Amino acid sequence: MQRKLTAILSADVVGYSSLMELDEAGTLERLKANRVTIFDPQVTSHGGRQFKLMGDGALVEFASVIAAVNCALAIQEASEKTEAKPIRYRIGINLGEVIVEGDDIYGEGVNVAARLQSLAPAGGVALSRVVRDQVEGKAACVFEDMGEHTVKNINRPVHVYSVRAAARNEPEARKVEAPHKLSICVLPFANMSADAEQEYFSDGISEDIITDLSKVSALFVVARNTAFQFKGKSIDIPQVARQLKVGHVLEGSVRKSGGRVRITAQLIDGTTGGHVWAERFDRDLNDIFALQDEISEAIVKALKLKLLPEEKQAIEERGTDNVEAYNLFLMARQSYVTGFENDSREVEGIVRLCKRITEIDPTYARAWALMALGQMLLRFLHAGNAGNAGNVDDGLNAAERALALDATLAEAHAVKARIFSETGRQDEAATEIKIALRLDPESYEVNRSAAYLSFRDRRMEDAIRHFEKAMSLVGADFSSAGMLISCYNAVGNSQAVLRAAQITLERTEKVLALDRNNGTAIGHGSNALAVLGQAERAKEWMNRALLVDPDNYNMRYNFACSLAAYLKDSSAALDMLEPVFAHMSTGLLMHAKVDPDFDHIRDDPRFKAMIAAAEARLAGSS
């Protein structure tokens, strides 16, 4: 048995099954043309050997990881420049030991490459960490850390990076990611309060410190979604610093009790693990803003940086000077970002909190934007529930109020986009979401809105990109993970479906451990169980939830998705949908019309009749 170390490239056509279903002859012709003019010539010119061809997929070996990465980037670039309907690949590259038998290659090195391919973005390339380390500084490319992933049939987690070619005049990855003294990762501060529900406050403090330090031009700050992947984990600080290529790490804790708050913080040298600065602050809660400023300025001073006057002013601008308004906003936003968009009672609570916040401080733009989002959801998603009919102008007026206070607030533009989409003003919706993404591409609310707008247009690859981003930004968000199950299923990426289902189940189980009757979590969790082959457990979750909350129509909708798409029980799905359609809002009806989970029952006479009846009911009530 011959073994060797080699670089493996695994490629697969994006959405091949859907393309074949739409145009079999045309798809085969375009795939053949791509192979003849792009894929095969690039493999040959970069010294690769194609050792397995599997319909729409291929496995290629290279003696050099640099050649493999350059080949992958060349294939993707050339494929995107072809005709109006290009063949697009997902490509994964791994370096590992393989078993050679004749012209074929087997082993974990090949398996990991295949798993990486399933994690790559459409038209993109995913690498294992060992490949990234080998290529870094030796090729004109830029890397993005996608974190660790648990993949099928591989015992240990795989650390994944995406890679793209560096644009003209853009620093290469070596220069961007090389560790330097003036760089920092702010780890999530631990919640040391007696009440576990105060975690929203410690998370908010951590996010604000990240935001504050990001305003210092001479300091590189690791993004929030990357830093928060370490939340709740026992970690080795120097190892984290090496992994993230930063010179320093800030960690700490928050204890909030009554009107007092205690924050401990320590700045650690990423190379030695030694303390550069440490402090404990015991203050009145009313001093929280001054305390945050003090922490940020102490870090800047410890790093021997000069804080410019405009940077100091930017750090001190928080949107509100009122501590009660700030605390209530953190509470309201935490309720939203933990995946409760589909729970009408939670959304009602968010709106009530935001109304109270804007009474306390009418100039708090972010609170107006969050209120607008809640009012939009009540009007268009939850109008089937008593008392939630609302007025479309409520959400729009609140969004406009937010923008009058801060025209650069991306979240307000995003909620306007969703309102315009729900009311058929698609061109205006597209304009607003484009503005929102330009203003803040790292915003959770913006990416959620962009994902839903893409989903409604059946632009699944765009929806996947934004739901993935949202899921990475907020570790507790099970809703985006649940939506990814449907999106990946629609484009035929079975490995990614399983990954999304596993993440959904893990996150919903954490929520249900604290609130076992949470209908939103049960809906997404049962869907994940069905995908993962645990049909009986999925049905058990459904039956228990329906006994407790039979009138939760959004939960019933998710159950119907599971029954139709993954349990293949069309009759049960239609039975589950009957009361949902009888109370369905305009927004949910629009969603049902395009939801790929219902593709198997879309032509069923019962489904068509439910659609027609809902349309007539809503038309009569408008």
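Just so you know, these numbers use all the heavy atoms, side chains as well, and skip hydrogens, waters and symmetry mates. Nothing fancy with the numbering, it's 1 onward along the sequence. All values derive from a computational prediction rather than experimental measurement.
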**OP:** For side-chain contact (heavy atoms from CB on, under 4.5 Å), just list the numbers for H524 and L505, CA-CA rounded to whole Å, side-chain angles, deciding distance to a tenth of an Å, and then say yes or no.
**Re:** CA-CA 8 Å; H524 283 293; L505 183 60; over 6 Å; no
**OP:** Locate the shortest heavy-atom distance separating A227 from P188; write the atom from each residue and the value.
**Re:** O-CD, 3.5 Å
**OP:** Apply the test salt bridge (charged side-chain N to carboxylate O under 4.0 Å, His left out) to residues R35 and E29: give CA-CA distance (whole Å), side-chain angles for both, the deciding distance (0.1 Å), then the verdict.
**Re:** CA-CA 10 Å; R35 287 255 171 82; E29 184 178 340; over 6 Å; no
Original post:
Ring centres of F598 and H600 under 6.0 Å apart?
Top reply: no
Subject >> Electrostatic pair E77:K81 at N-O distance under 4.0 angstrom >> reply: yes
Subject >> Pair R115 + E108: basic N to acidic O under 4.0 Å >> reply: no
**OP:** Apply side chain to side chain donor-acceptor pair (under 3.5 Å) to S479 and R448, showing your working.
**Re:** CA-CA 10 Å; S479 179; R448 285 275 295 182; 3.2 Å; yes
Original post:
Does L9 reach the side chain of L59, with side-chain heavy atoms less than 4.5 Å apart?
Top reply: no
Original post:
Is there a side-chain contact between T520 and F478 (heavy atoms, below 4.5 Å)?
Top reply: yes
Subject >> Modelled atom types, side-chain donor and acceptor of S480 and D477, under 3.5 Å >> reply: yes
Subject >> Any side-chain donor near an acceptor of the partner, Y106 and N111, under 3.5 Å >> reply: no
**OP:** Would you check if there is a donor-acceptor pair between the side chains of E136 and Y161 at a distance under 3.5 Å?
**Re:** no
Original post:
Are D599 and R458 ion-paired here, with the side-chain N under 4.0 Å from a carboxylate O?
Top reply: yes
**OP:** Report yes if the distance between the aromatic ring centroids of H466 and Y452 is under 6.0 Å, otherwise no.
**Re:** no
**OP:** Answer whether the closest heavy-atom distance between the side chains of S214 and V221 falls below 4.5 Å.
**Re:** yes
Subject >> Check against salt bridge (charged side-chain N to carboxylate O under 4.0 Å, His left out), E432 and R418 >> reply: CA-CA 9 Å; E432 288 293 334; R418 290 188 69 172; over 6 Å; no
Subject >> Side-chain H-bond candidate by donor/acceptor type, T504 with N527, under 3.5 Å >> reply: no
Original post:
So, are R537 and E509 salt-bridged, with charged N and O less than 4.0 Å apart?
Top reply: yes
**OP:** Count the heavy atoms belonging to other residues, nucleotides or ligands that lie under 6.0 Å from CG of D103, then report whether that count exceeds 12.
**Re:** no
Subject >> Check against side-chain contact (heavy atoms from CB on, under 4.5 Å), Y444 and Y336 >> reply: CA-CA 10 Å; Y444 173 79; Y336 173 72; 3.6 Å; yes
Subject >> Exceeds 12 heavy-atom contacts within 6.0 angstrom, atom NZ of K434 >> reply: no
Original post:
Side chains of I522 and F559: closer than 4.5 Å at any heavy-atom pair?
Top reply: yes
Subject >> Salt-bridge criterion met for K4 and E97 (N-O under 4.0 Å) >> reply: no
Subject >> N493 (side chain) donor-acceptor with Y488 (main chain) under 3.5 angstrom >> reply: no
Subject >> Step-by-step salt bridge (charged side-chain N to carboxylate O under 4.0 Å, His left out) determination, D203 to K231 >> reply: CA-CA 10 Å; D203 283 353; K231 183 176 177 179; 2.6 Å; yes
Original post:
Should Y557 and H591 count as side-chain neighbours, where that means a heavy-atom distance under 4.5 Å?
Top reply: yes
**OP:** Quick one: do F467 and N447 satisfy side-chain contact (heavy atoms from CB on, under 4.5 Å)? Show the steps, please.
**Re:** CA-CA 7 Å; F467 276 130; N447 277 281; over 6 Å; no
Original post:
Going by atom types alone, do R90 and S10 pair a side-chain donor with an acceptor below 3.5 Å?
Top reply: no
Original post:
Do the side chains of E461 and I464 get nearer than 4.5 Å, heavy atoms only?
Top reply: yes
Subject >> Candidates V60, I8, V98, V100 - the one meeting side-chain contact (heavy atoms from CB on, under 4.5 Å) with F51 >> reply: I8
Subject >> Side-chain touch L437/I435, heavy atoms, less than 4.5 angstrom >> reply: no
Original post:
Under a 4.0 Å N-O cut-off, is there an ion pair linking R164 with E144?
Top reply: no
**OP:** Decide yes or no for H248 and V276: does some side-chain heavy atom of the first lie under 4.5 Å from some side-chain heavy atom of the second?
**Re:** yes
